[in-house]
Amino acid sequence: MKTVYTCFCTDIIHEGHLNIIKKAKELGDLIVGVLVDDKMIKYNRFPTKTTDERVRMIEKLDGVSKVVVQDEIMYDKIIRNLKPDYVIHGDNWQDPGMAVIRDNIINNLSTYGGKLVEIPYTYNSVIQKKDKQMIEKLAMPEFRRGRLKRVMSLLPIVKALEVHSGLTGLIAEKTVVTNGGEIDQFDAMWISSLCDSTNKGKPDIELVDMTSRFRTIEDVTEVTTKPIIFDGDTGGLTEHFVYTVRSLERMGVSAVIIEDKTGLKKNSLFGTEVEQNQESIERFCEKLTAGKNAQLSDDFMIIARIESLILEKGMEDALKRAFAYREAGADGIMIHSRRKEADEIIEFCDRFRLDDKDTPIVVVPTSFNHITENELAEHGVNICIYANQLLRAAYPAMENAAVEILKNHRAFEIDKKLMPIKQVISLIEEH
Ligand code: SPV
Ligand code: MG
């Protein structure tokens, strides 16, 4: 009896999967692989069922003789172990990253004469509807909110990308790269006060009010499913912060980060070039505790951001605050620096981790941008936020388009640098 292998990366079984099973049975004994949770996040979207639940779901299907867990997106290990005569797969290779997977399967099978069998991918209106329902479910506040914690438990480091609109949200949601045979995408989104304000033509001084900031969150949540970390600036008055916490929870935001400044807050990257004051430890702890007491869901996180290094108050002050904020109930610590080298961030992380192995650490490597995600993870960092790169990429491109039109008295010269209008109008899927 020949053996046939296929990998299912799905939460639901539909006609398409049953079709694969039917075709596979004609070829031999079918072994189905279930792609493990942490790889599902990279390959496709967040699974609504755990690996174990998905294994049990597939074990119940007629025509499946064995279910195994596939713990890599690429097929090297699984093909080496199972040596199937055939791998069967739908012909949906045009999806991002799929061409690399196809090459990988063919290369592995060719080492012993195995064959890839491709069958027409089934995508009818019923399947399309189920697919959309899954995405809708993932976007719902109660499902989205807890996802940051879940992603943190699955990945060595979570990568969050700055978003300030529906369009940038779509970029964070959908950008997938295949790099060195690996597939990768962002795990979360950061709604930056700097970029949200700048996008509205306003300075980053808590001038854009919460109602307007919430509007940005809604623009993003309407078109995405990934978890959201919200930049809450100073959190404002404690009496106001407790309301903000509830609103954010209701919107499905996973975490708010508030910084220990008081009075007129300026952007941290100004450092000591402008007047900025740090809040007392006691008062900031009170704000954190009030926020935690106001929180109703279990999965929302309040992360305390320490500005001691930004304001040149020293490492000892930063560490003292970190432990005090943790005791006050903070679910995580963000440590910020505007040095070009990551040395003070690394020192902080290493020293904090001597005492505390668990409390999540968040960093924003805007100025110390040489350090890689892996290096940060080795020093105990859990979340790495790319806080402003999309806005900084867009502004010079837009300004250049304006300059070129003015200089040439027509749009011909700039046109080759622009996205074709046909692509713009098909960029957004209609539902
Ligand atoms: C933001 O993105 O608004 C931040 C990070 O708070 S920073 O600009 O580096 O202060
Ligand atoms: Mg900010």
Side-chain angles (χ1 to χ4, degrees), residues 158-165 168-169 171-172 186 188-210 212-214 216-217 220 228-236 241 244 248 253-279 284 287 301-313 318 321 325 330 332-342 344-345 348 361-371 376 381 383-395:
V158 169
K159 303 187 288 290
L161 184 67
E162 172 264 316
V163 304
H164 53 266
S165 59
T168 48
I171 292 176
F186 286 98
M189 298 177 286
W190 163 247
I191 301 197
S192 147
S193 69
L194 171 66
C195 298
D196 203 0
S197 307
T198 307
N199 194 45
K200 291 170 166 56
K202 301 265 172 67
D204 182 19
I205 54 171
E206 295 188 280
L207 175 64
V208 178
D209 65 35
M210 271 302 160
S212 171
R213 304 282 318 277
F214 290 168
T216 306
I217 297 178
V220 172
I228 294 172
I229 307 169
F230 181 70
D231 177 358
D233 285 320
T234 65
F241 181 55
T244 304
L248 293 173
V253 169
S254 300
V256 63
I257 302 188
I258 55 169
E259 59 194 272
D260 57 0
K261 287 208 204 101
T262 185
L264 181 62
K265 174 226 105 129
K266 305 260 174 69
N267 185 271
S268 296
L269 301 174
F270 282 126
T272 50
E273 289 156 30
V274 294
E275 203 194 317
Q276 308 207 55
N277 295 310
Q278 205 169 9
E279 181 60 285
F284 196 65
K287 197 185 285 187
M301 297 172 79
I302 299 180
I303 298 173
R305 164 171 168 176
I306 298 167
E307 292 287 287
S308 305
L309 304 179
I310 292 284
L311 300 173
E312 295 174 15
K313 296 286 167 55
R321 284 173 178 267
Y325 298 164
I333 297 294
M334 172 181 153
I335 183 68
H336 206 14
S337 162
R338 61 186 194 116
R339 281 175 58 79
K340 284 229 160 304
E341 303 75 31
E344 60 179 10
I345 287 289
F348 175 92
I361 303 179
V362 183
V363 301
V364 178
T366 302
S367 52
F368 48 102
N369 52 22
H370 278 285
I371 195 154
L376 288 169
V381 172
I383 301 179
C384 168
I385 297 179
Y386 295 99
N388 47 43
Q389 285 74 12
L390 289 192
L391 184 109
R392 286 164 61 205
Y395 187 85

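Start at 1 and go down the list; that is how both ligands and their atoms are numbered. When reading the values below, keep in mind they use all heavy atoms of this one structure, side chains included, and skip hydrogens, waters and symmetry mates. Because the structure is a prediction, the values reported are computed rather than measured.
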Discussion item. Quick test: of every protein heavy atom, which one is nearest to atom 10 (O) of ligand 1, and how far off is it to 0.1 Å?
Written reply: R305 NH2, 2.8 Å
Worksheet item: Regarding N388 and E162, is there a side-chain donor-to-acceptor distance under 3.5 Å anywhere?
Response: no
Worksheet item: Can an N or O of N388 be found at a distance shorter than 3.5 Å from an N or O of ligand 1?
Response: no
Worksheet item: Is the Mg ion (ligand 2) less than 2.8 Å from at least one N/O/S atom of S193?
Response: yes
Worksheet item: Looking at the Mg ion (ligand 2), which N/O/S atom of D231 is the nearest one?
Response: OD2
Item to complete: Identify, for atom 2 (O) of ligand 1, the protein heavy atom at the shortest distance, and state residue, atom and that distance.
Response: S192 OG, 2.8 Å
Worksheet entry | Parallel, tilted or perpendicular: ring planes of F186 versus Y386, cut at 30 and 60 degrees | perpendicular
Worksheet item: Can you tell which of D233, D231, V364, I191 gets a heavy atom nearest to atom 4 (C) of ligand 1?
Response: D231
Worksheet entry | Distance-only donor-acceptor check, side chains T234 and E279, under 3.5 Å | no
Worksheet entry | Reference residue P365; test side-chain contact (heavy atoms from CB on, under 4.5 Å); the match among L376, V381, I385 | L376
Worksheet item: For atom CD of E273, is the number of surrounding heavy atoms from other residues, nucleotides or ligands below 6.0 Å larger than 12?
Response: yes
Worksheet item: Polar-atom distance check: T366 versus ligand 1, any N or O pair below 3.5 Å?
Response: no
Item to complete: State whether the shortest distance between N or O atoms of L269 and N or O atoms of ligand 1 falls below 3.5 angstrom.
Response: no
Worksheet entry | The single option from Q276, E307, R338 passing side chain to side chain donor-acceptor pair (under 3.5 Å) against S268 | E307
Practice prompt. Using a strict 4.0 Å cut-off to heavy atoms of S268, name the atoms of ligand 1 that fall inside it.
Written response: 10 (O)
Fill in: Protein residue, atom and distance nearest to atom 8 (O) of ligand 1, heavy-atom basis
N267 ND2, 2.9 Å
Worksheet entry | Contacting atoms of ligand 1, where contact means under 4.0 angstrom from a heavy atom of A387 | 2 (O)
Practice prompt. Verify the distance criterion only: is there a donor paired with an acceptor across the side chains of S192 and D231 at less than 3.5 Å?
Written response: no
Worksheet item: Heavy-atom contacts under 4.0 Å between H336 and ligand 1: side chain, backbone, both, or neither?
Response: side chain
Practice prompt. Run the salt-bridge test on K202 and D196 with the 4.0 Å N-O cut-off and return the result as yes or no.
Written response: no
